[in-house]
Amino acid sequence: MCGIFGYVNYLVEKTRGDISDTLIEGLQRLEYRGYDSAGIAIDGDKADETLIFKQIGKVGALKKEVESQNLDRTATFVNHAGIAHTRWATHGEPKTVNCHPHRSDINNEFVIVHNGIITNYRELKTLLKQKGYTFESDTDTECIAKLFKHIYDTNIKNGNEPDFNELMKQVLYEIDGSYGLLVKSSHYPNEVVATRKGSPLLVGVKTEKKLKVDFVDVEFPDELPNNEAPINGNTHQNGGLLPVAQGDSGLRHSQSRAFLSEDGIPQPAEFFLSSDPASVIQHTKKVLFLEDDDIAHIYDGELHIHRATREAGISATRSIQTLEMELAQIMKGPFSHFMQKEIYEQPESTFNTMRGRIDFDNHIVKLGGLQKWLTTIRRCRRIIMIACGTSYHSCLATRSIFEELTEIPVSVELASDFLDRRSPVFRDDTCIFVSQSGETADSMLALQYCLERDALTVGVVNSVGSSISRATHCGVHINAGPEIGVASTKAYTSQYIALVMIALSLSDDRVSKINRRHEIIDGLKQIPEQIKTVLTLESKIKDLCTSELAQQKSLLLLGRGYQFASALEGALKIKEISYMHSEGVLAGELKHGVLALVDDQLPIIAFATRDSLFPKVMSSIEQVTARSGRPIIIHNTDDKSINTDKALATLEVPLSVDCLQGLLNVIPLQLISYWLAVNRGIDVDFPRNLAKSVTVE
Ligand code: UD1
Ligand code: F6R
């Protein structure tokens, strides 16, 4: 839910101003994840002094707070470690004391930023209070900071001065829950330890010279003999608890091979720790994604990865990857908001979802990530699609074409409800997880649940390297590019296409489906251009939102068959961005109760595009107009059968194949929600109470 960012410079001279700007800019790029408060921790002028600055509101407010302090911005640091955080309140309301970083004591001996939830924090808090610790905040995080100090002091009392990563291991034994965690301490100047469990965390690496190898060795405890003395004049303060051993080459075993120089002289290096690649990309494209339970220890210009135990199946290296994402991709460009930019990106993003995967001339769909698994999936007993929010709607939108093409029963589940019911799952089930972020806690928990039951799991995910993408057996990246606006738009259309492509791949051995498959593949080819046409409706929609819809308090969306998902998705967009009450209604259900709401005031948007259910939708529209309702009708271009006299407005969209029409029909709704919100003065990219990545249950 929150965002964490850290910056470590080693043998690279930076002023305090540079360092705090880097931290604050890093937070600004994370702001879309959570944004009710923010904070940073940096070094002070005196040795061992750590300064913490916190502010409620957006990161801009923190920037002002830091600037208002009379700090010497020109003070230089050749080595330094700083950490930072943006918070979206889960434990404790948004107020300054609840902002991160949290500290162990008034001297700031240990300072911590945390993303996630510590489930046993109450027990820990009680215990630590008994030991004399005074808590300043209502958060679960603060107990970790206190625990660090408590365990550190206990070690010192027993004559040990633990290495920072060893201390982290001892703390992790005590805490339960999910976390992305960065820790800085005056006892370990210029060092950071970081870890993750169920929460994303990566380390960006910037060095002048090329890295020796593009991986980092994982250090397991049994590889470090306990009785060898430190060598190479290593004065690192592990106090002999975890001495580094000498290998045949004369090199320290625990020296990170990637950071070795020819001559053994330490190399200047900078490290950027973050919960999201979007905040690292401007500094470096070289990143290492941490695995759950990895402990990253950064000191002396090196990155070390430790693990508390050696479990079966854990890789002994972590690769340093090159991120393909361009900075320009995460900037707004000429648009006022990320949401608007992302709506306009859809001709391109939908094309990118299909790029290299559909041979339109020969009507062949090939999904690299699924090829090996198709036979297994075809044999499964049923398909369960599991997701939340907009991603759930893309499953609803494609369920019917899945069933038609594959002839396998498909159920669609909201992840939280699926888990609440402890729904039965079997080893011959295929469970498809659809998620833009790939980090949504409910979907991730449902995925764990299905993995435990040996079902085959398939991801349909936008964020490469995300938890869902990595934990599923196989899957498809939707390749829509980074989605930053909190309201999901381009991810929806790309998920929709990816799911249709999966259904097409699964049915490519069925002769009886050839014509239908060809029709759909031809339809897909036209989608990007057709989206461009729909986008030309913007000025008409803008007018509608400043006139007829401007003062409305509520809105109904009517859809049936394929368009029920469009109605639900349209209603969700309007709710979350414009705060206007809106409801998607299955047109067939109108007469079973909802009709009571209809009068000449309530705006109703009806999807009346051509498919087999068109006559039924028209009869629902008549039921509405017969009660003086004046619907806004979304219909196909030049459809003469639409009675425009009784409509408040009509919006024309190009005709597509029935199962793809929803890709076009949803776009006017994205634009309506956008303009309703802008007209109401709402910051579209930061709707109240919502965060982009929902990493709590
Ligand atoms: C892959 C490459 C792409 C390259 C193409 C060329 C990646 C991420 N993609 O794309 O850059 O141009 O080959 O052949 O390197 N997966 C999951 N769960 C998910 C999503 C994906 O397990 O939720 C797995 C897939 O099964 C596959 C891998 O991740 O093994 C990459 O998936 P995807 O990007 O969809 O594969 P390609 O389209 O083949
Ligand atoms: C709506 C929206 C949310 C997400 C939901 C799932 O615009 O963005 O409803 O769709 O939180 O998120 P992902 O797809 O990241 O799993």
Side-chain angles (χ1 to χ4, degrees), residues 1 32-33 200 276 289 319 321-325 338-339 342-343 352-358 365-374 376-377 386-396 414-416 431-447 451 456-480 482-492 494-496 498-499 501-502 505 568-578 666 669-670 673-674 677 684-685 687 689-697:
M1 195 63 75
Y32 71 93
R33 287 180 155 261
D276 190 323
F289 288 93
S319 59
Q321 308 176 15
T322 306
L323 281 179
E324 295 304 339
M325 197 161 63
F338 282 114
M339 181 181 176
E342 286 156 8
I343 292 173
N352 284 340
T353 307
M354 298 184 273
R355 187 200 294 271
R357 291 165 163 172
I358 304 187
V365 178
K366 204 167 173 192
L367 296 168
L370 284 194
Q371 261 348 81
K372 283 196 309 208
W373 302 85
L374 287 177
T376 320
I377 303 175
I386 302 164
C388 307
T390 290
S391 301
Y392 169 75
H393 295 152
S394 72
C395 300
L396 281 183
L414 282 165
S416 56
C431 303
I432 303 184
F433 292 85
V434 183
S435 173
Q436 188 287 127
S437 60
E439 302 294 349
T440 302
D442 289 327
S443 304
M444 195 56 207
L445 288 171
L447 169 57
L451 285 171
L456 176 67
T457 60
V458 181
V460 176
V461 167
N462 195 26
S463 301
V464 178
S466 62
S467 303
I468 294 180
S469 153
R470 289 186 307 157
T472 39
H473 291 104
C474 58
V476 180
H477 289 118
I478 64 170
N479 298 343
E483 189 179 67
I484 292 182
V486 167
S488 187
T489 51
K490 63 174 180 170
Y492 178 75
S494 285
Q495 287 166 344
Y496 191 137
L499 288 165
M501 289 196 298
I502 297 178
S505 300
L568 291 178
E569 174 56 9
L572 177 62
K573 281 296 87 90
I574 292 171
K575 270 182 263 202
E576 68 171 321
I577 299 300
S578 71
V666 76
L669 270 305
Q670 295 173 346
S673 67
Y674 176 78
V684 179
D685 287 330
N689 306 339
L690 296 175
K692 181 71 185 156
S693 189
V694 189
T695 49
V696 290
E697 284 172 66

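Note that the structure is a prediction, hence the values are computed from the model and not measured. Counting convention: from 1, in listed order, for ligands and their atoms alike.
In the vicinity of K573, heavy-atom distances shorter than 4.0 Å reach the ligand 2 atoms 1 (C), 7 (O). Taking every heavy atom of V461 and a limit of under 4.0 angstrom, the matching atoms of ligand 1 come to 23 (O). The ligand atoms of ligand 2 that sit less than 4.0 angstrom from a heavy atom of A487 are 7 (O). Listed by number with element, the atoms of ligand 2 under 4.0 angstrom from any heavy atom of Q436 are 13 (P), 14 (O), 15 (O), 16 (O). The ligand atoms of ligand 2 that sit less than 4.0 angstrom from a heavy atom of S391 are 10 (O), 13 (P), 14 (O). Close contacts of ligand 2 with G389, meaning ligand atoms under 4.0 Å from a residue heavy atom, involve 9 (O), 10 (O).
Residues S463 and E439 bring no donor and acceptor atom of their side chains to less than 3.5 Å of each other. At a cut-off of 3.5 Å, with distance as the only test, a side-chain donor of T390 or K573 sits close to an acceptor on the other residue.
Pairing each heavy atom of G438 with each of V461, the nearest pair is CA-CG1, 4.1 Å. Taking both residues in full, the closest heavy atoms of Q495 and Q436 are given as NE2-N, 3.5 Å, listed atom of the first, atom of the second, then distance. Scanning all heavy atoms of the two residues, the minimum distance from E483 to S488 falls at OE1-OG, 3.0 Å. Counting all heavy atoms, side chain and backbone alike, L572 lies closest to G389 at CD2-C, 4.0 Å. Here the closest heavy-atom approach between residue H473 and residue W373 is recorded as O-CZ2, 3.7 Å. Taking both residues in full, the closest heavy atoms of I577 and A677 are given as CG2-CB, 3.1 Å, listed atom of the first, atom of the second, then distance.
When distances from atom 27 (C) of ligand 1 to the protein are checked, a heavy atom turns up under 4.0 Å. For atom 32 (O) of ligand 1, the protein comes within 4.0 Å by at least one heavy atom. Protein heavy atoms are found inside the 4.0 Å sphere centred on atom 35 (O) of ligand 1. The presence of a protein heavy atom under 4.0 Å from atom 8 (C) of ligand 1 is confirmed. For atom 20 (C) of ligand 1, the nearest protein heavy atom is under 4.0 Å away. Within a 4.0 Å radius of atom 13 (O) of ligand 1, the protein has no heavy atom.
Atom-to-atom distance recorded for S505:OG and I377:CD1 is 9.0 Å, nearest 0.5 angstrom. Between the CG atom in L451 and the CG atom in L447 there is a gap of 4.5 Å [rounded to 0.5 Å].
In terms of protein heavy atoms, atom 23 (O) of ligand 1 is closest to G459 CA, 3.1 Å. The protein atom (non-hydrogen) at minimum distance from atom 29 (O) of ligand 1 is H477 CE1, 3.7 Å. In this structure, atom 30 (O) of ligand 1 lies nearest to the protein heavy atom G369 CA, 4.2 Å. Taking atom 38 (O) of ligand 1 as the reference point, the nearest protein heavy-atom neighbour is R357 NH2, 3.0 Å. Considering only non-hydrogen protein atoms, atom 39 (O) of ligand 1 sits nearest to G368 CA, 3.3 Å. When only non-hydrogen protein atoms are considered, atom 18 (N) of ligand 1 lies nearest to T472 OG1, 2.8 Å.
The closest non-hydrogen atom to atom 1 (C) of ligand 2, taken over K575, E576, E483, E569, comes from E576.
Heavy atoms of V486 approach ligand 2 to within less than 4.0 angstrom.
S494 is linked by a side chain to side chain contact (heavy atoms under 4.5 Å, CB included) to S349, T353, I478, A480, counting only residues two or more places apart in sequence or in another chain. Residues passing the ring pair (Phe, Tyr, Trp, His ring centres under 6.0 Å) test with F433, sequence neighbours excluded: none.
Any N or O atom pair closer than 3.5 Å counts here, and Q495 shares no such pair with ligand 2. In terms of polar-atom proximity, defined here as any N/O pair under 3.5 Å, C474 does make such a contact with ligand 1. Residue S443 has no N or O atom closer than 3.5 Å to an N or O atom of ligand 2. The shortest N or O to N or O distance between S469 and ligand 1 is under 3.5 Å. For the pair G475 and ligand 1, the shortest N or O to N or O distance falls below 3.5 Å.
In R470, neither the side chain nor the backbone holds a heavy atom less than 4.0 Å from any atom of ligand 1.
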